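The structure displayed is predicted, hence computed values, not measured ones. In what follows, every chain begins at residue 1, and chains take the letters A, B, ... in the order their sequences are listed.
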Number of protein chains: 2
Amino acid sequence: MKTPQQLSASLEDYLEAIYLLSRTGKAARSKNIAEHLQVARPSVTAALRTLAEKELIFYKPYGYITLTEKGAWMAGRIVRRHAALEEFFRDVLGVDADAAERAACLAEHAIGPEITLRLTGYLAFVEAEKKSGHNISDSFEAFFKKHQQDIKASCRRRVEKMHSHLADNY
Amino acid sequence: MKTPQQLSASLEDYLEAIYLLSRTGKAARSKNIAEHLQVARPSVTAALRTLAEKELIFYKPYGYITLTEKGAWMAGRIVRRHAALEEFFRDVLGVDADAAERAACLAEHAIGPEITLRLTGYLAFVEAEKKSGHNISDSFEAFFKKHQQDIKASCRRRVEKMHSHLADNY
DNA sequence: CAACATAATTAGCCGAGCCTAACTTTTCAA
DNA sequence: TTGAAAAGTTAGGCTCGGCTAATTATGTTG
């Protein structure tokens, strides 16, 4: 009997932070989590209690925090999803690293396992193509540089069309 | 002087709904918006007041709702962003139409203008490639079918590695 | 034109998730 | 070993975005 365990975006962030802190050697303590997520310490306490209730972490007040098996499994999914998005934004779309990171943080809570899998697959595909001499990202970058103005313009045109459609009924 | 006007995800949804209702001929009235977004009517009233305060809609109690110029401009961006994501999930990643739609609804609030532009550009790129005889989506679909198991397995392996790393310190 | 149906709003509530200020527990060093 | 600093938690309050129930406005029809 699997527990579907839909976590809120916020709780996913906490779980991810705990995983990342554990992984990089830094202790997963309340304070570190607060710093990592840029939230006040009491917010962390509340989140930890919720995660503990859901049996995703081992949590004793004033102690270290570790992931349960279920928690580690979920954290794994969350981290991979994040990585796939960030990599896609950066390496395929050519968004600069910072913006890619920020967008991934926000978008990650929206995409489920199916899309994550296909996204990961797509990244592998682009990689494989590159190895057989066809660099899709480079081709796209050239295409984008060349047609950027057209793309922007086509957006603007659509906006104008909409305006004429909507402007006069009040 | 541009108004940056960062809307919440929820308000973006309301603005998008008003736009879509106007567009498809159905009157943008409180009731229709509630139906479209599957929320209770009083929730709509509150949202409309906020949007009116921000001068994105014309709103008189008990009347029809229309977009201001600023509102129409923002709605346009929101709708294009949504469309780009949905199209990408469906036509490039090959996710089924329903799931693509649902994911787009959630993810759209996370991506900004820069990424929307590049995403739109990427879709145009894939389209252009197809016209010159190179169908990237088909190639990907074949690749995905072939390597799906490997991709899943590589995910699983990473999870297992993580478990061994985390399992024993509590 | 009165009365009823429908649409919309008001009033009041709730939960999630954040915050600050104050208090408690733990740690560490003189 | 004791007391201050650091870490953590409790208490209480805020905003956002939902909800229901009750009320008011609109419009429709006999």
Side-chain angles (χ1 to χ4, degrees), chain A residues 4-18 21-22 25-66 74 78 102 105-110 169-170, chain B residues 4-18 21-22 25-54 56-67 74 78 102 105-110 169-170:
Chain A
Q5 283 288 19
Q6 272 282 65
L7 287 188
S8 68
S10 163
L11 289 180
E12 286 188 348
D13 286 336
Y14 283 101
L15 203 59
E16 187 177 14
I18 293 164
L21 288 171
S22 306
K26 304 187 69 163
R29 307 208 55 153
S30 197
K31 202 209 177 188
N32 305 100
I33 297 166
E35 274 162 8
H36 185 90
L37 294 179
Q38 296 278 292
V39 296
R41 274 122 43 198
S43 308
V44 178
T45 304
L48 293 180
R49 251 203 299 265
T50 309
L51 289 175
E53 262 166 34
K54 295 178 185 295
E55 302 186 353
L56 298 172
I57 60 170
F58 295 110
Y59 170 54
K60 276 211 294 210
Y62 301 99
Y64 285 78
I65 294 127
T66 53
M74 290 201 76
I78 291 164
R102 261 175 292 128
C105 281
L106 295 171
E108 61 176 317
H109 307 295
N169 42 345
Y170 56 93
Chain B
Q5 283 288 20
Q6 272 283 67
L7 289 188
S8 68
S10 163
L11 288 180
E12 286 188 347
D13 286 337
Y14 282 101
L15 203 58
E16 187 178 14
I18 293 164
L21 289 171
S22 305
K26 304 187 68 162
R29 307 208 53 156
S30 197
K31 201 208 177 189
N32 304 103
I33 299 168
E35 274 162 9
H36 185 90
L37 294 178
Q38 295 278 294
V39 296
R41 273 118 41 184
S43 309
V44 178
T45 304
L48 293 180
R49 252 204 297 266
T50 309
L51 289 175
E53 263 166 34
K54 294 179 185 295
L56 299 171
I57 60 171
F58 295 109
Y59 169 55
K60 275 212 293 209
Y62 300 99
Y64 285 78
I65 293 126
T66 53
L67 297 168
M74 290 201 75
I78 291 164
R102 263 176 290 128
C105 280
L106 295 171
E108 61 175 318
H109 308 294
N169 43 342
Y170 56 91

Base, sugar-phosphate, or nothing: which does [X] touch, judged by heavy atoms less than 4.0 Å apart?
X        : result
Thr45(B) : base
Ser30(B) : sugar-phosphate
Ser43(A) : base
Pro61(A) : sugar-phosphate

Just the rounded figure in Å: distance from [atom2] of [N] to [atom1] of [X].
X         : N       : atom1 : atom2 : answer
His109(A) : dG17(C) : NE2   : C1'   : 13 Å
Leu48(B)  : dG17(D) : CG    : P     : 13 Å
Lys31(B)  : dA25(D) : NZ    : C1'   : 16 Å
Arg29(B)  : dT9(C)  : CZ    : C1'   : 13 Å
Arg41(A)  : dG12(D) : CZ    : C1'   : 17 Å
Tyr59(B)  : dA7(C)  : OH    : P     : 16 Å
Arg49(B)  : dA8(C)  : CZ    : P     : 14 Å
Asn32(B)  : dA8(C)  : CG    : C1'   : 12 Å

On DNA chain C, more 5' by nearest nucleotide between Val39(A) and Gly63(B) is Gly63(B)
For the student: nearest non-hydrogen atoms of Met74(B) and Leu15(B), plus distance: CB-CD2, 3.8 Å
For Ala27(B) and Tyr64(B), which heavy atoms make the closest approach, and how far apart are they? CB-CE2, 3.4 Å
Pick the nucleotide of DNA chain D nearest each of Val44(A) and Asp13(B); which residue has the one closer to the 5' end? Val44(A)
Listed nucleotide nearest any side-chain atom of Tyr62(A), set dG8(D), dT20(C), dA21(D): dG8(D)
Among dC18(C), dT9(C), dG18(D), find the nucleotide with the atom closest to the side chain of Tyr14(A). dC18(C)
Side chain of Arg41(A), backbone of Glu35(A): donor and acceptor closer than 3.5 Å? no
Would the distance check show the side chain of Arg29(A) and the main-chain N or O of Tyr62(A) forming a donor-acceptor pair, the cut-off being under 3.5 Å? yes
Which of Thr66(A), Asn32(A), Leu48(A) passes side chain to side chain contact (heavy atoms under 4.5 Å, CB included) with Ile18(A)? It is Leu48(A)
Does Ser10(B) place a side-chain N or O at less than 4.0 Å from the phosphate oxygens OP1/OP2 of dC16(D)? no
Just N and O in the side chain of Tyr64(B): are any of them under 4.0 Å from OP1 or OP2 of dA8(C)? no
